[in-house]
Amino acid sequence: MSENLPGNDPASTPVPPAQQAPAAPAYGAPAVEPKGLALSSLIVGIVSLVLAWFLSIFAIIGGIVAVVLGIVARKKGQSKGMSLTGIITGALAIVLAIIAMIVVAMVVGAALNDPNLQQQLEQLEQQQ
C-alpha cells in the first residue's frame with residue numbers, strides 16, 4: 001500500500017548528475033618552483049662579497065642575512081642551487097670582511113707605531 005503513495009513513484013525520483021571525467025594533466029608546462037628566498041639569499045650574498053673589502057661591517061651583516069635566507073629557503077624546499085650558493089657567498093663575505101678588518105687594524109697599528117710618522121706628527125704640533 002505504501003508503494004502507491006504519491007512521491008514513491010520510481011519515475012518521479014530525481015536522478016543524480018553523472019560524474020565528469022577528470023581533467024587531463026597539463027603537459028609542456030613544468031611546475032613553477034618558488035625561489036624568492038633563495039634568489040634573495042644569492043643576491044645579498046654576492047653584494048656582501050663585493051662590500052667585504054670596503055664596508056666590512058655591512059658585509060658582515062649582509063653575509064649573516066644571506067646565510068639565514070639561504071637556510072630558510074632550503075628548509076622550505078626552494079631552489080637548492082641558489083640557496084646553497086647564497087649560503088656559501090654569505091659565509092665567504094663574513095670571512096673576507098673579518099680578514100679585511102684585521103688587515104686594516106694591522107696597517108693602522110703599524111702606521112701609528114712608525115717613528116717617521118711620530119716625527120711628522122710632532123712637527124705638525126709644533127707648527128700650530
Subject >> Joint cluster assignment, Leu55 & Ile57, ILVMFWY side-chain distance < 4.5 Å >> reply: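 Result: yes, single cluster for both.
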**OP:** Look at the side-chain heavy atoms of Ile, Leu, Val, Met, Phe, Trp and Tyr, link any pair under 4.5 Å apart, and say whether Phe54 and Val47 land in one connected group.
**Re:**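 Yes: a chain of side-chain contacts under 4.5 Å links Phe54 to Val47.
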Subject >> side chain to side chain contact (heavy atoms under 4.5 Å, CB included) involving Leu69 - partner list, sequence neighbours excluded >> reply: Leu37, Ser40, Ser41, Val65
Original post:
Taking only residues two or more places apart in sequence, or in another chain, which ones meet Ala59 in a side chain to side chain contact (heavy atoms under 4.5 Å, CB included)?
Top reply: Leu51, Ala52, Ala97
**OP:** Taking the side chain as every heavy atom from C-beta outward, state whether Gln127 and Leu124 have any atom pair closer than 4.5 Å.
**Re:** yes
Can you name the closest pair of heavy atoms from [X] and [Y] and give their distance?
X: Ala73; Y: Ala38; result: CB-N, 3.6 Å
X: Ala66; Y: Gly86; result: CB-O, 3.8 Å
X: Gln78; Y: Gly36; result: OE1-N, 3.5 Å

**OP:** Report the distance from atom CG of Leu42 to atom OG1 of Thr89, rounding to the nearest 0.5 Å.
**Re:** 6.0 Å
Subject >> Rounded distance (nearest 0.5 Å) linking atom CD1 of Ile94 with atom CD1 of Ile61 >> reply: 10.5 Å
In a table with atom names and distances, give each donor-acceptor pair under 3.5 Å that connects a side chain of residues 108-121 to protein atoms at least two apart or in another chain.
from: Asn113; atom 1: ND2; to: Gly109; atom 2: O; distance (Å): 3.2
from: Gln118; atom 1: NE2; to: Leu112; atom 2: O; distance (Å): 2.5

**OP:** For Ser83 and Arg74, run side-chain contact (heavy atoms from CB on, under 4.5 Å): C-alpha distance rounded to whole Å, both residues' side-chain angles, the deciding distance at 0.1 Å, then the answer.
**Re:** CA-CA 6 Å; Ser83 60; Arg74 290 289 303 260; 2.8 Å; yes
**OP:** Linking directly or through intermediates, with side-chain heavy atoms under 4.5 Å: list the remaining ILVMFWY members grouped with Leu84, chain and number order.
**Re:** Leu49, Trp53, Ile88, Leu92, Val95, Leu96, Ile99, Val103, Val107
